[in-house]
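For reference, the structure is listed below as structure tokens.
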Amino acid sequence: MNVLKIGQKKKVQNAWAMYDWANSVYSLVITSTIFPVYFNGVTKSEEYGDVVSFFGFKIVNTVLYSYSISFSFLVIALISPLLSGMADYGGKKLFFMKVFAYLGSLACLGLFFFDGDNLEYGIICAVLASIGYAGSIVFYNAFLPEIATEDEFDFLSARGFALGYIGSVILLVLNLFMIQAPETFGLSDGGQAARWSFLITGFWWAGFAQIPFKYLPDNPYHKKVKKGLLLQGYQEINRIFQIVKKTKVMQRFLAAFFFYSMGVQTVMYLAATFGDKELGLPGDKLIITILIIQIVAIGGSYLFAYLSKALGNKISLVIMVFIWVLICGAAYYVVNEYQFYALAFVVGMVMGGIQSLSRSTYSKLIPKDTTQHASFFSFYDVTEKIAIVLGTFSYGIIEQITGNMRNSSLALGLFFFVGLGFLLLLRIPKEDFQNIVEIKDA
């Protein structure tokens, strides 16, 4: 249900897309490139190699990092449905988005003080940053059906991801210069430059987030907060769950999204770790790889938006997931940096497209006459978060059992294959689907 006046729409849509610009630097700098490489570097020792002690438990550093990501998204999966119900019932979607955004940005600032000797502190900051990022996305995504019409979903979603890729690449290039030539910036070495990159990321996130915070509609349906908000939030999310449970097209889409997200998100979070451990690539080459992915993903977001306009969302998603299956198979045989770069190019092409089109496709499945967008999107986001939990956990545990990350890559291919099967069973209705489910808002 679009709540904007015609004159407001463009300004609000641009402001909404700018949150991708604000928060994507976290996803690129902290989770995908500089922090994983920095973390691996400062947690290795001559005496114990890559085995670290975390609260007295001995564990491989890359496995610990995988598990920390899993834990952070598990927390969000558990709390976001209830928070979404409270946000919808009390009209506090923007408030919760701010809370999580500030939590994440402050945790990024905190990583400036992580030097490897305070391992527990570093992991706690990384987990809090991940919770802040994932939590804010739940409420950010929920604004899409409120600020755009269905025919605008695909391209507006693509615009957001494209801005995110552009902004994060700009900051990553700056950080890369800092790490390669720290003396130019008055820094002692690349390690100190990496820590400064975490600090800049936190300020960038919080600073640019002020644009969407200023223009996004706050409580557009004028809901009044009543007593028992927690209980009402639970009742709200339970009501939406009953609707999702009875809507077969949503169930099948979420099942497909769950399995292919296990692969997509795990590749995003652990690609740099794979290049570091399996191929022995130095940090600068790993960052170049991620830059390739990000730059290509800008075009990929729009390419598949156009493809969905011509062939439909389902066919576009099927094509992308099939390509992902091939990527996972190819990763098993990658042995040098040039093969890794080529694979990164293909990953970038489908990464932006599948994220953007998944979000817009789900938006089209939400009943038109509802104001409960955060609650509906919480099921989408929880599906993705549980997928990340299981994907990163399985990646870590397969490495721990077999001692080889390549086996983990093959497992990701199986996840994509199952997701492809659910997509083939999916029948995305035309626009009149929105009239199938009638919802009487409280």
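The heavy-atom pair separating A305 from D154 by the smallest distance is CB-O, 4.3 Å. Summarising the geometry of A411 relative to I398, their closest heavy-atom pair is CB-CD1, 3.5 Å, with the distance given to 0.1 Å. When every heavy atom of M320 is checked against every heavy atom of I354, the shortest pair comes out as SD-N, 3.2 Å. The two residues W21 and L163 come nearest to each other via the heavy atoms CE3-O, 3.4 Å. Of all heavy-atom pairs spanning C125 and A107, the tightest one is O-CB, 3.4 Å. For the pair F304 and M349, the tightest heavy-atom approach, listed with the atom from each and the gap, is CE1-O, 3.5 Å.
At distances below 3.5 Å, at least one donor-acceptor pair connects side-chain atoms of S360 with backbone N or O atoms of L357. Here the side chain of S356 pairs no donor or acceptor atom with the backbone of G352 at under 3.5 angstrom. In this structure, Q210 contributes its side chain and G207 its backbone to no donor-acceptor pair below 3.5 Å. The closest donor-acceptor contact from the side chain of S308 to the backbone of N313 lies at 3.5 Å or more, if one exists at all. The closest donor-acceptor contact from the side chain of Q339 to the backbone of V335 lies under 3.5 Å. Looking only at distances, no side-chain donor or acceptor of N118 sits under 3.5 Å from a matching main-chain atom of Y121.
Rounded to the nearest 0.5 Å, atoms CH2 (W196) and CG (L174) are 12.0 Å apart. The CZ atom of F259 lies 9.0 Å from the CG atom of L390; values are rounded to the nearest 0.5 Å. Summarising the geometry, atom CG belonging to N23 is positioned 4.0 Å from atom CD1 belonging to I137; distances are rounded to the nearest 0.5 Å. Rounding to the nearest 0.5 angstrom, the gap separating the CG atom in N407 from the CG atom in L412 is 11.0 Å. Once rounded to the nearest 0.5 Å, the distance linking CD1 of I34 with CG of N175 reads 4.0 Å. In this structure, K214 NZ and L94 CG are separated by 14.0 Å, a value rounded to the nearest 0.5 Å.
In this structure, the ring of Y260 has its center no less than 6.0 angstrom from the ring center of W324. In this structure, the ring of F155 has its center less than 6.0 angstrom from the ring center of Y306. Ring to ring, Y38 and F198 are close: their centroids are under 6.0 angstrom apart. Centroid-to-centroid, the aromatic rings of W205 and Y26 come within less than 6.0 Å. Aromatic pair Y380/F257: centroids less than 6.0 angstrom apart.
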message = Show, in sequence, the C-alpha distance, side-chain angles and deciding distance for N61 and K44, and conclude whether the side-chain hydrogen bond (donor to acceptor under 3.5 Å, both in side chains) test is met.
response = CA-CA 8 Å; N61 56 2; K44 284 180 182 177; over 6 Å; no
request  = Could you walk me through whether S168 and S24 pass the side-chain hydrogen bond (donor to acceptor under 3.5 Å, both in side chains) test, one step at a time?
outcome  = CA-CA 6 Å; S168 55; S24 291; 5.4 Å; no
task = Determine, stepwise, if the pair L176 / L291 fulfils side chain to side chain contact (heavy atoms under 4.5 Å, CB included).
result = CA-CA 10 Å; L176 185 57; L291 276 173; 4.2 Å; yes
request  = Begin with the C-alpha distance, continue with both residues' side-chain angles, and end with the deciding distance and a verdict on side chain to side chain contact (heavy atoms under 4.5 Å, CB included) for I147 and K9.
outcome  = CA-CA 7 Å; I147 64 172; K9 181 180 282 191; over 6 Å; no
Stepwise side chain to side chain contact (heavy atoms under 4.5 Å, CB included) test for M97 and L216 = CA-CA 11 Å; M97 182 178 166; L216 284 176; 4.1 Å; yes
message = What verdict does the side chain to side chain contact (heavy atoms under 4.5 Å, CB included) test give for F258 and V418, after you've listed the backbone C-alpha separation in whole Å, the side-chain angles of each residue and the deciding distance to 0.1 Å?
response = CA-CA 10 Å; F258 171 74; V418 175; over 6 Å; no
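Atom CZ of F345 sits in a sparse spot, with 12 or fewer heavy atoms from other residues, nucleotides or ligands closer than 6.0 Å. The environment of OH in Y333 is sparse: at most 12 heavy-atom neighbours from other residues, nucleotides or ligands sit within 6.0 Å. Atom CZ of F185 has more than 12 heavy atoms from other residues, nucleotides or ligands within 6.0 Å.
For the pair R195 and F112, the distance from NZ or CZ to the six-membered ring centre is under 6.0 Å and the angle to the ring normal is within 45 degrees. Judged by the 6.0 Å distance and 45° axis criteria, K93 is positioned over the aromatic ring of F143.
Between T383 and S261, the closest side-chain pair of non-hydrogen atoms is not below 4.5 Å. Side-chain atoms of L119 and F54, non-hydrogen and from C-beta on, do get closer than 4.5 Å to each other. Under the 4.5 Å side-chain criterion, counting only non-hydrogen atoms from C-beta, I123 is in contact with F39. Under the 4.5 Å side-chain criterion, counting only non-hydrogen atoms from C-beta, F416 is not in contact with F322. A heavy-atom distance below 4.5 Å is found between the side chains of F114 and V42. In this structure the side chain of Q294 never reaches within 4.5 angstrom of the side chain of I166, judged on heavy atoms. Put simply, the side chain of F161 reaches to within 4.5 Å of the side chain of S301, judged on heavy atoms. Residues M250 and Y362 meet the side-chain proximity criterion, which asks for heavy atoms closer than 4.5 Å.
Considering S72, S27, S68 as possible partners of S130, the one that fulfils the side-chain hydrogen bond (donor to acceptor under 3.5 Å, both in side chains) test is S72. With V318 as the partner, the side-chain contact (heavy atoms from CB on, under 4.5 Å) test is satisfied by one option alone out of L311, L426, L423, I323: L423. The ring-ring contact (aromatic ring centres under 6.0 Å, His included) with F213 is formed by just one residue from the set Y102, F139, F208; it is Y102. For the ring-ring contact (aromatic ring centres under 6.0 Å, His included) criterion with Y19, the lone passing option out of F100, Y140, Y133 is Y140.
By the side-chain contact (heavy atoms from CB on, under 4.5 Å) test, D189 is found to be paired with Q192, residues two or more places apart in sequence or in another chain being considered.
The existence of a salt bridge linking D20 and R159 is excluded, since no basic side-chain nitrogen approaches an acidic carboxylate oxygen closer than 4.0 Å.
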